[in-house]
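Here's the structure, in structure tokens; my notes come after.
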Amino acid sequence: QEQLLESGGGLVQAGGSLRLTCAASGRTFSSLAMGWFRQVSGKEREFVAAITRSGGSTAYADSVKARFTISRDNAKNTVYLQMNSLKPEDTAVYYCAGARSIYYTSMEYDLWGQGTQVSVSS
């Protein structure tokens, strides 16, 4: 069974950058569309970005468009989220997730990592 493990979170000042990595174990990574979501305590899990199985198409939430970039390396079973120009409102736990296609709601994803904390100070 596929498992996902996120890394790369941390504390950064506003305007800074972080790169999140999600490593997948298993044999089905290249058959999954991958997404990144984030969640603040007490709030709904929020769509951030997603990428198709081949990496040929991507989708972004309006709040992160032009600042965040999702990419994947199927040879390494890894998906990335490059986050630039970070803002305090980007502070959240970030999760990677897998699904059969790109979806914008968390309920459509049936494979999840454990999350990594991103904190942006002002």
Side-chain angles (χ1 to χ4, degrees):
Q1 184 177 353
E2 203 80 21
Q3 291 186 327
L4 304 176
L5 181 64
E6 302 95 334
S7 61
L11 175 63
V12 64
Q13 287 189 329
S17 297
L18 282 174
R19 188 195 199 199
L20 304 184
T21 298
C22 174
S25 62
R27 303 179 181 180
T28 63
F29 178 76
S30 61
S31 69
L32 296 172
M34 298 298 296
W36 285 96
F37 286 77
R38 64 188 183 187
Q39 188 169 26
V40 175
S41 180
K43 294 190 176 181
E44 295 283 324
R45 196 165 290 191
E46 174 189 28
F47 172 79
V48 175
I51 189 166
T52 53
R53 288 172 285 183
S54 67
S57 294
T58 58
Y60 296 94
D62 287 343
S63 59
V64 307
K65 207 170 287 185
R67 299 189 298 123
F68 291 10
T69 303
I70 188 171
S71 61
R72 67 189 296 162
D73 185 338
N74 286 343
K76 295 183 178 179
N77 281 8
T78 303
V79 61
Y80 306 97
L81 185 68
Q82 178 67 43
M83 305 186 296
N84 298 329
S85 302
L86 282 161
K87 304 175 181 180
E89 51 263 44
D90 294 319
T91 295
V93 177
Y94 282 71
Y95 299 88
C96 69
R100 286 182 287 182
S101 183
I102 286 183
Y103 299 109
Y104 295 87
T105 57
S106 60
M107 66 176 64
E108 302 289 355
Y109 290 76
D110 50 17
L111 183 66
W112 290 90
Q114 86 294 342
T116 185
Q117 176 71 47
V118 171
S119 298
V120 184
S121 63
S122 56

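Quantities reported herein were computed from a predicted structural model and do not represent experimental measurements.
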Residue pairs passing the disulfide (SG to SG under 2.5 Å) test with at least one member in residues 74-122, sequence neighbours excluded, are C22-C96
Looking only at atom types and distance, does a side-chain atom of R67 sit under 3.5 Å from a main-chain N or O of S85, one as donor and one as acceptor? yes
Pairing residues for K43 by the salt bridge (charged side-chain N to carboxylate O under 4.0 Å, His left out) criterion, not counting sequence neighbours: none
In plain terms, say whether D90 and K87 are close enough for a salt bridge, that is, a side-chain N and a carboxylate O under 4.0 Å apart. no
Could you give the distance from CD (Q117) to OG1 (T91), rounded to the nearest 0.5 Å? 7.0 Å
Taking the side chain as every heavy atom from C-beta outward, state whether V40 and R38 have any atom pair closer than 4.5 Å. no
Using atom types as modelled and distance alone, determine if a side-chain donor or acceptor of E2 lies under 3.5 Å from a backbone N or O of T28. yes
Is there side-chain contact between E89 and S63, with heavy atoms separated by less than 4.5 Å? no
So, for T78 and A23, which heavy atoms are closest and what is the spacing to 0.1 Å? OG1-CA, 4.4 Å
Working to the nearest 0.5 angstrom, can you tell me the gap between S31 OG and R100 CZ? 11.0 Å
Hey, would you say the Y109 and Y95 ring centroids sit under 6.0 Å apart? no
With distance as the sole test, does Q13 use its side chain to make a donor-acceptor pair with the main-chain N or O of S121 at under 3.5 Å? no
R19: what forms a salt bridge (charged side-chain N to carboxylate O under 4.0 Å, His left out) with it, not counting sequence neighbours? none
Please name all residues satisfying side-chain contact (heavy atoms from CB on, under 4.5 Å) with S25, sequence neighbours left out, ordered by chain then number. Q3
Which ILVMFWY residues can you reach from V48 by hopping between side chains whose heavy atoms are under 4.5 Å apart? L4, V12, L18, L20, F29, L32, M34, W36, I51, Y60, V64, F68, I70, V79, L81, M83, L86, Y94, L111, V118, V120
Give a yes or no answer on whether the side chain of Q39 reaches the backbone of A92 with a donor-acceptor pair at less than 3.5 Å. no
Just to verify, what does Y104 make a ring-ring contact (aromatic ring centres under 6.0 Å, His included) with, not counting sequence neighbours? F47
Tell me if a side-chain donor or acceptor on N74 pairs with a main-chain N or O of R53 at a distance below 3.5 Å. yes
One pair to check against side chain to side chain contact (heavy atoms under 4.5 Å, CB included): T105 and R45. What are the steps and the verdict? CA-CA 9 Å; T105 57; R45 196 165 290 191; over 6 Å; no
Drop me the distance from T69's OG1 to Y80's OH, to the nearest 0.5 angstrom. 14.0 Å
Minimal non-hydrogen separation, P88 against S122, with atom names: CG-CB, 3.8 Å
